[in-house]
Amino acid sequence: MWKLLTPPAYKAEMTGPDADAYYRKMRWRVFMGIFIGYAGFYIVRKNFSMAMPDLANFGFEKGELSIVLSMNAIAYALSKFLMGSVSDRSNARIFLPLGLILAAISMAFMIVPVTAIGAEHKDWAIFLMAALNFLVGWFNGMGWPPCGRVMTHWFSIKERGTKMSVWNCAHNVGGALVGPMAVYGAIWFGSWFYGDNTELYFLIGTYAFPAAVAVFIAILAYVLIRDTPQSCGLPSVEKWRNDYPKNYSAKHEEVLTTKEIFFKYVLNNKLLWFIALANAFVYMVRYGCLDWAPTYLKDAQGYDIKQAGWAYFAYEFAAIPGTLLCGWLSDKVFRGRRALPTIIFMAIVAVFILLYWQFSHSYVIVTISLIAIGFFIYGPVMLIGVQALDLAPKNAAGTAAGLTGFFGYFFGTAILANILIGYVAEIAGWDWTFILLIGACVLSIFFMAFTYKEEQYLVENRK
């Protein structure tokens, strides 16, 4: 297995105008590969949420299903960090499709606990669902790191913000397809497997159909992706664009040992710890607003489920233009710096959280506030990932981004946004949850400010 993942050897470097044209062609090719491939991961990531209403009809209870649901987030947080170190020493062309195929297989097997075990043996069914959903989350953690590896090898620091803002929209594309695929997969193929047993059709639309599509996408990603420019006979992107990051050396082009990655370039990098802490509070705001919006608007403010649902949709939809704008500003206006636009965007988010809180009786202001929060929060979510890539050598990029991702998903999402916000709302009331969210904005700005000075060289060295 390890031999299969070994990065390809560097080829003799091409020169001349043909090499330049080939470089441009390959950059767009690998970009399309990681965009399509990463979108594929979101087709087989959180499908269990779509299946939960139908599973309840079989006698599975919400509390039991919530345990299964939590396995995905926990596994993803751990995998993004640990598998990131494996990705840094692997061929991205193999690593990404392999993770996607394994996630698809795990997703397809989610059918088994329902059809082969069923609610008659509920404990075993829940156990198997939880194990499979853990595997789905774990293999999904193999999606981001190879994309980060490709980004750092094929795109230089002063263009990376724009490119990653476009690439980051892949998860919106993939996530948006899950609902329609669940509906039409059941309609088109449900009868093929279950005949007149219509109550099982959802298993095909939610699990089997997306899994089959994901396997096809994995094959397409394999065709498009190449690991590094040097493996294609091209120079490093820093040399090609004359765009070198601070402290760059030829060592950054070499495959590093696990010990070097963790103890030399990641765990002792205090700036990475600062942005990891900042990321925890950014994710607390992201999911604290997103996950609790329907409950808050419906239970505390009396909005119907349709109104709450549209407000939820507006929050997510606003992410796409907000992410693109933030990436463009980071590269073109702030000259490759990530800290300053992140600080500005988080300050604006705090203002709209205040409006959301104080004017929650007005559906118009609530909707505008959620659109604004969604618009401005996803830029920092994306830029912190970019900054992690910037602050570490390219062959430690996956581990660096994995560290920030672990803090975001495990501490920011599971602990702070889900558990803390839920208990505070229940015990102290919703007002205190908004105070916590505004405090999280302030703390994200505080920790991000420690990296501001480190990025000033980008202004001095602008081409």
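No hydrogens, no waters, no symmetry mates; every other heavy atom, side chains included, goes into these values. Residues take their numbers from the sequence shown, with the count starting at 1.
- Checking side-chain atoms of Ser330 against main-chain N and O of Arg337 turns up a donor-acceptor pair under 3.5 Å.
- Residue Leu82 holds its CG atom at 12.5 Å from CE of Met142, rounded to the nearest 0.5 Å.
- Between Trp273 and Phe447, the closest side-chain pair of non-hydrogen atoms is not below 4.5 Å.
- Taking the six-membered ring for Trp and thresholds of 30 and 60 degrees, Phe434 and Trp357 have nearly parallel ring planes, at less than 30 degrees apart.
- A tilted orientation is assigned to the rings of Tyr184 and Trp188, their planes being inclined by 30° to 60°.
- Nearest heavy atoms, Ser79 versus Trp138: OG-O, 2.6 Å.
- If you check the side chains of Asn47 and Thr206, you find no donor sitting under 3.5 Å from an acceptor.
- Between Ser106 and Val136, the shortest heavy-atom contact is CB-CG2, 3.7 Å.
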request  = Would you check, one step at a time, whether the test side chain to side chain contact (heavy atoms under 4.5 Å, CB included) holds for Phe274 with Met448?
outcome  = CA-CA 6 Å; Phe274 283 135; Met448 185 55 62; over 6 Å; no

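- Of all non-hydrogen atoms in Phe134 and Met71, the two that sit nearest each other are CD1-O, 3.8 Å.
- Met26 contributes atom CE, which lies 10.0 Å from atom OG1 of Thr228 (distance to the nearest 0.5 angstrom).
- Contact check for Val30 versus Leu224: no side-chain heavy atoms found under the 4.5 Å cut-off.
- Remark: Lys332 NZ to Lys158 NZ distance equals 11.0 Å, nearest 0.5 Å.
- Contact of the Pro229 side chain with the His153 side chain is registered, since non-hydrogen atoms from C-beta on lie closer than 4.5 Å.
- The side-chain heavy atoms of Met110 and Asn133, taken from C-beta on, include a pair separated by under 4.5 Å.
- Tyr222 carries Arg93 over the face of its six-membered ring, with the cationic atom under 6.0 Å from the centre and within 45° of the normal.
- Distance check: Ile438 CD1 to Leu443 CG gives 12.5 Å after rounding to the nearest 0.5 Å.
- Scanning both residues, Thr399 and Ser85, for their nearest heavy atoms gives OG1-CA, 3.0 Å.
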task = Given side chain to side chain contact (heavy atoms under 4.5 Å, CB included), test Lys80 with Asn140 step by step and report yes or no.
result = CA-CA 8 Å; Lys80 191 174 180 181; Asn140 261 273; over 6 Å; no

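- Between Phe41 and Leu96 the shortest side-chain heavy-atom distance falls below 4.5 Å.
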inquiry  = Show, in sequence, the C-alpha distance, side-chain angles and deciding distance for Tyr356 and Phe352, and conclude whether the ring pair (Phe, Tyr, Trp, His ring centres under 6.0 Å) test is met.
reply    = CA-CA 6 Å; Tyr356 177 32; Phe352 280 101; over 10 Å; no

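- Scanning all heavy atoms of the two residues, the minimum distance from Pro8 to Asp227 falls at CD-OD2, 3.7 Å.
- Side-chain contact of Ser236 with Gln230: a donor-acceptor pair under 3.5 Å is absent, judged by distance alone.
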query = Between Trp154 and Trp28, is a ring pair (Phe, Tyr, Trp, His ring centres under 6.0 Å) present by the stated rule, with each step listed?
reply = CA-CA 10 Å; Trp154 287 92; Trp28 283 110; over 10 Å; no

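- Using a 4.5 Å cut-off on side-chain heavy atoms (C-beta onward), Phe31 and Val150 make no contact.
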request  = Give the intermediate values and the outcome of side chain to side chain contact (heavy atoms under 4.5 Å, CB included) for residues Phe281 and Ile445.
outcome  = CA-CA 9 Å; Phe281 292 109; Ile445 292 170; over 6 Å; no

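- The aromatic rings of Tyr287 and Tyr409 sit tilted, their planes meeting at an angle between 30° and 60°.
- In this structure, Lys163 does not pair ionically with Asp331, as no charged nitrogen and carboxylate oxygen lie closer than 4.0 Å.
- Using modelled atom types, no side-chain atom of Ser444 and backbone atom of Met346 make a donor-acceptor pair closer than 3.5 Å.
- Side-chain contact of Ser87 with Arg149: a donor-acceptor pair under 3.5 Å is absent, judged by distance alone.
- Ring geometry for Phe446 against Phe450 counts as perpendicular: the plane angle is over 60°, on a 0 to 90° scale with 30° as the lower cut.
- The closest side-chain heavy-atom distance from Thr6 to Asn91 is not below 4.5 Å.
- Between Met14 and Tyr23, every side-chain heavy-atom pair lies at or beyond the 4.5 Å cut-off.
- Both tests do not hold together for Arg27 against Tyr22: distance to the six-membered ring centre under 6.0 Å, angle to the ring axis within 45°.
- Once rounded to the nearest 0.5 Å, the distance linking CZ of Phe216 with CD1 of Ile101 reads 12.5 Å.
- The line from CG of Leu403 to CG of Leu267 is 7.0 Å long, rounded to the nearest 0.5 Å.
- The heavy-atom pair separating Ala214 from Ala104 by the smallest distance is CB-CB, 3.9 Å.
- A tilted orientation is assigned to the rings of Tyr42 and His171, their planes being inclined by 30° to 60°.
- Panel note: side chain Glu159, backbone Ser156; a donor-acceptor pair is recorded below 3.5 Å.
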inquiry  = Using side chain to side chain contact (heavy atoms under 4.5 Å, CB included), reason through Phe48 and Met129 one step at a time and then give a plain yes or no.
reply    = CA-CA 9 Å; Phe48 185 74; Met129 283 185 200; 4.0 Å; yes

